[in-house]
Amino acid sequence: QVQLVESGGGLVQPGGSLKLSCATSANIFSFNVMGWYRQAPGKQRELVADISSHGTANYADSVKGRFTISRDVAKNTMFLQMNGLKPEDTAVYYCNALSQWRDYWGQGTQVTVSS
């Protein structure tokens, strides 16, 4: 059973930085694409960033220039480096991985940006 395990969420002040990790039990190349989504209360879940199996990254306009998605193939882990955090970044962040047959979701990790 494929599992995605997230870590790195927490409370940070505006302008601060945070790095999220998503460790997968499967070979990272088992997935066509992996990405980070977030959802705040009362809002739709939105794509924050994703990265394809060949390494092409895509970002939501709201985070472009502030967030960086990356992966460590040897460790089967995906990262989201978040800099210049804003209160509107506050949300539950989810790791997602899409295979040939289905997609998988992590449990979600809370990111709160507040003074």
Side-chain angles (χ1 to χ4, degrees):
Q1 188 77 12
V2 173
Q3 293 184 333
L4 306 178
V5 181
E6 301 162 340
S7 62
L11 176 65
V12 65
Q13 68 271 31
S17 297
L18 208 59
K19 187 174 184 178
L20 306 183
S21 299
C22 174
T24 175
S25 61
N27 189 305
I28 202 166
F29 289 119
S30 299
F31 310 113
N32 299 118
V33 62
M34 297 183 68
W36 291 95
Y37 289 74
R38 68 185 182 188
Q39 187 169 24
K43 298 182 179 179
Q44 298 182 109
R45 184 173 297 187
E46 64 173 346
L47 175 67
V48 178
D50 61 23
I51 185 166
S52 69
S53 60
H54 54 275
T56 300
N58 182 59
Y59 299 92
D61 289 340
S62 60
V63 307
K64 194 171 298 182
R66 299 188 296 122
F67 292 9
T68 303
I69 190 170
S70 63
R71 61 184 182 176
D72 186 327
V73 175
K75 296 181 179 179
N76 293 319
T77 302
M78 180 180 65
F79 305 96
L80 184 67
Q81 177 66 52
M82 304 184 293
N83 299 323
L85 284 162
K86 305 174 181 179
E88 50 263 44
D89 294 318
T90 296
V92 177
Y93 284 70
Y94 298 91
C95 178
N96 172 262
L98 179 64
S99 73
Q100 298 179 45
W101 302 281
R102 59 158 290 180
D103 61 339
Y104 303 90
W105 292 91
Q107 77 284 358
T109 184
Q110 178 71 48
V111 172
T112 302
V113 184
S114 176
S115 298

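In this chain, residues are counted from 1 in sequence order.
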Going by the rule side-chain hydrogen bond (donor to acceptor under 3.5 Å, both in side chains), which residues pair with [X] if we only count those two or more places apart in sequence or in a different chain?
{"X": "Ser115", "answer": "none"}
{"X": "Asn76", "answer": "none"}
{"X": "Gln107", "answer": "none"}

Could you tell me whether the side chain of Thr90 and the main chain of Val113 form a donor-acceptor pair under 3.5 Å? yes
Heavy-atom donor-acceptor pair, Asp72 side chain to Met78 backbone, under 3.5 Å: no
side-chain contact (heavy atoms from CB on, under 4.5 Å), that's the test. Do Thr109 and Ser7 meet it? Break it down for me. CA-CA 7 Å; Thr109 184; Ser7 62; over 6 Å; no
Say you draw a straight line from [atom1] of [X] to [atom2] of [Y]; how long is it, rounded to the nearest 0.5 Å?
{"X": "Ser99", "Y": "Asn32", "atom1": "OG", "atom2": "CG", "value": "7.0 Å"}
{"X": "Phe67", "Y": "Ser62", "atom1": "CZ", "atom2": "OG", "value": "7.5 Å"}
{"X": "Ile28", "Y": "Thr77", "atom1": "CD1", "atom2": "OG1", "value": "7.0 Å"}
{"X": "Leu4", "Y": "Asp103", "atom1": "CG", "atom2": "CG", "value": "9.5 Å"}

With a 4.5 Å cut-off on side-chain heavy atoms, are [Y] and [X] touching?
{"X": "Thr68", "Y": "Tyr59", "answer": "yes"}
{"X": "Leu47", "Y": "Tyr37", "answer": "yes"}
{"X": "Val12", "Y": "Met82", "answer": "no"}

Hydrophobic clustering (ILVMFWY, side-chain heavy atoms < 4.5 Å, transitive) - are Val2 and Phe29 grouped together? yes
With hydrophobic residues grouped by side-chain heavy-atom distances under 4.5 Å, do Phe79 and Trp36 end up in a single group? no
Other members of the hydrophobic cluster containing Val5, with the 4.5 Å side-chain heavy-atom rule, please. none
On a heavy-atom basis, the closest approach of Cys95 and Met34 is SG-CE, 4.3 Å
Could you tell me which non-hydrogen atom of Ile69 sits nearest to which non-hydrogen atom of Ala57, and how far apart they are? CG2-CB, 3.7 Å
Show me the pairs that pass salt bridge (charged side-chain N to carboxylate O under 4.0 Å, His left out) and involve residues 86-101, at least two apart or across chains. Arg38-Asp89, Arg66-Asp89
Name the orientation class of the two ring planes belonging to Trp105 and Tyr94 (parallel below 30°, tilted from 30 to 60°, perpendicular beyond 60°). perpendicular
Enumerate donor-acceptor pairs with a distance under 3.5 Å from any side-chain N or O in residues 13-26 to protein atoms, sequence neighbours excluded.
from	atom 1	to	atom 2	distance (Å)
Ser17	OG	Asn83	OD1	2.9
Thr24	OG1	Ala26	N	3.2
Ser25	OG	Gln3	N	2.9

